[in-house]
There are 2 protein chains.
Amino acid sequence: MKISQLAKTTNVASKTIRYYEEIGLLPEAYRNDNGYREYSASDIERLVFIRRCRELQIPLEQIKTLIAVQVDQKSSCQEVDALIDQQLDKVRKTIAELTLLEQTLHTLATSCPNDKVGDCQILKNLQQE
Amino acid sequence: MKISQLAKTTNVASKTIRYYEEIGLLPEAYRNDNGYREYSASDIERLVFIRRCRELQIPLEQIKTLIAVQVDQKSSCQEVDALIDQQLDKVRKTIAELTLLEQTLHTLATSCPNDKVGDCQILKNLQQE
DNA sequence: GTTGACCTTACTGTGACTGGAAGGTTTATT
DNA sequence: AATAAACCTTCCAGTCACAGTAAGGTCAAC
């Protein structure tokens with residue numbers, strides 16, 4: 001299967017697939033006589049795994065770790081658990097921050113009953129420390 | 001006042017101040033005989049305004065607009081209102097997305113009772129489409 | 001034989017900075 | 001007066017995860 005077929009199957013852009021290979025997230029692809037990359041079914045699996053991780057906003061470097069860990073099936077999956085926990089933590093912190101931000105923006109949005117820049121309460125609030 | 005004083009007063013790194021000048025968010029600073037940038041009180045105001053906007057995650061380009069709008073005090077502040085509304089919208093959408101993500105991560109985090117990579121339910125779930 | 005859809009590499013740009021190198025100036029201490 | 005530290009300057013590279021574009025090679029269909 002050529003790169004655009006793999007792209008379609010996995011929902012990952014060809015460009016992104018080449019990029020993943022470049023940074024070593026994917027192994028170097030086998031090349032046809034014409035120099036085109038040729039992929040197999042196992043490449044689909046690996047790429048879907050990566051895509052799912054990215055959907056969870058796991059950074060590429062950590063995905064590398066997750067892939068490396070899977071080599072030894074008998075090793076502990078503690079690292080995997082920790083990584084997901086850590087990711088969950090990060091997401092929760094971001095949600096908390098954004099919720100505060102939403103409050104501030106909402107207050108700000110409803111603060112200006114005027115229509116001239118000179119009186120604009122929003123702009124005045126933005127000047128405050 | 002020199003740049004590090006302005007940085008301390010406004011809580012914006014010197015490096016960032018130079019960057020803002022470079023991209024035209026701040027006007028070119030007056031220079032002393034020795035070539036050092038020299039700032040005044042009005043620079044503090046402007047920089048605090050920018051910092052506040054950044055805290056609200058307003059992009060630098062939009063902050064440029066907000067600054068430009070303030071020149072004519074008699075013009076309508078409709079653009080300001082719209083920009084804040086738009087920002088509020090974006091934040092709410094992000095919160096919604098992250099809340100879904102949190103769910104997924106939480107489910108994933110509690111899915112693996114094993115301790116060997118070969119049986120790891122998390123890894124298996126990540127393989128799924 | 002030529003069009004169009006692929007494929008390749010290489011380089012640039014994104015946003016909002018941050019880090020570091022290499023060098024000049026000022027201030028404080030010895 | 002010498003030296004050290006704490007500033008200041010510009011310029012270039014790096015971050016993250018790609019996306020855009022250019023310039024060129026290949027392949028199948030008409």
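The structure displayed is predicted, hence computed values, not measured ones. Naming: A, B, ... by sequence-line order, numbering from 1 per chain.
Atom CD of A:Glu22 and atom P of D:dC16 are 14 Å apart (whole Å). Here D:dT15 presents its P atom at 17 Å from OH of B:Tyr19, a figure rounded to the nearest Å. Atom CD of A:Glu21 and atom C1' of C:dT8 are 12 Å apart (whole Å). Whole-Å rounding puts the A:Lys8 NZ to C:dC6 C1' distance at 11 Å. Rounded to whole Å, atom P of C:dA5 lies 17 Å from atom CD of A:Gln5. Between the P atom of C:dC17 and the CD1 atom of B:Ile63 lies a distance of 8 Å, rounded to the nearest Å. In this structure, B:Arg18 atom CZ and C:dT18 atom P are separated by 12 Å, rounded to whole Å. In this entry the distance linking CD1 of B:Ile23 with C1' of D:dC11 reads 17 Å, nearest Å.
Contacts between residues 27-41 of chain B and DNA chain D, defined by a heavy-atom separation below 4.0 Å, involve B:Arg31, B:Gly35, B:Tyr36, B:Arg37, listed by number.
Atom NZ of A:Lys64 has more than 12 heavy atoms from other residues, nucleotides or ligands within 6.0 Å. Within 6.0 Å of the CD atom in A:Gln78, the count of heavy atoms belonging to other residues, nucleotides or ligands does not exceed 12. For B:Glu21, the CD atom sits in a packed shell: over 12 heavy atoms of surrounding residues, nucleotides or ligands are nearer than 6.0 Å. Within 6.0 Å of CD on A:Gln103 lie no more than 12 heavy atoms contributed by other residues, nucleotides or ligands.
Contact between the side-chain N/O atoms of B:Ser4 and the OP1/OP2 oxygens of D:dC8 is found at a separation under 4.0 Å. Side-chain nitrogen and oxygen atoms of A:Arg54 include at least one within less than 4.0 Å of the OP1 or OP2 phosphate oxygen of D:dC18.
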task = Determine, stepwise, if the pair B:Ile63 / B:Tyr20 fulfils side-chain contact (heavy atoms from CB on, under 4.5 Å).
result = CA-CA 11 Å; B:Ile63 300 177; B:Tyr20 286 168; over 6 Å; no

key: Worked check of side-chain contact (heavy atoms from CB on, under 4.5 Å) between B:Val12 and B:Ile50   = CA-CA 10 Å; B:Val12 175; B:Ile50 294 171; over 6 Å; no

task = Evaluate the criterion side-chain contact (heavy atoms from CB on, under 4.5 Å) for residue pair A:Val48 and B:Gln127; output intermediate values, then yes/no.
result = CA-CA 6 Å; A:Val48 166; B:Gln127 302 280 6; over 6 Å; no

request  = Starting from the C-alpha separation in whole Å, work towards a yes-or-no answer on salt bridge (charged side-chain N to carboxylate O under 4.0 Å, His left out) for A:Glu55 and A:Arg52.
outcome  = CA-CA 5 Å; A:Glu55 284 168 4; A:Arg52 286 276 293 142; 3.6 Å; yes

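Among the heavy atoms of the strands lying under 4.0 Å from B:Ile3 are primed sugar atoms or P, OP1, OP2 only; no base atom is included.
Counting only heavy atoms from C-beta on, B:Thr16 has its side chain closest to C:dC17 among D:dC18, C:dC17, C:dA16.
When the C1' atoms of four end pairs are superposed on the next four at each end of the helix from C:dG1-D:dC30 to C:dT30-D:dA1, using five pairs per end, the two resulting axes differ in direction by 20°, to 10°.
Using a cut-off of 4.0 Å between Lys/Arg side-chain N and Asp/Glu carboxylate O, A:Glu102 and B:Arg92 are scored as salt-bridged.
Judged purely by atom type and a 3.5 angstrom limit, B:Gln87 uses its side chain to pair as donor or acceptor with the backbone of B:Gln57.
Nearest-nucleotide mapping onto DNA chain D: of B:Ser14 and A:Tyr20, the residue sitting toward the 5' end is B:Ser14. For the pair B:Lys2 and B:Ile58, both in contact range of DNA chain C, the more 5′-proximal nearest nucleotide belongs to B:Ile58.
Between the base of D:dT21 and the side chain of A:Lys15 there is a donor-acceptor pair shorter than 3.5 Å.
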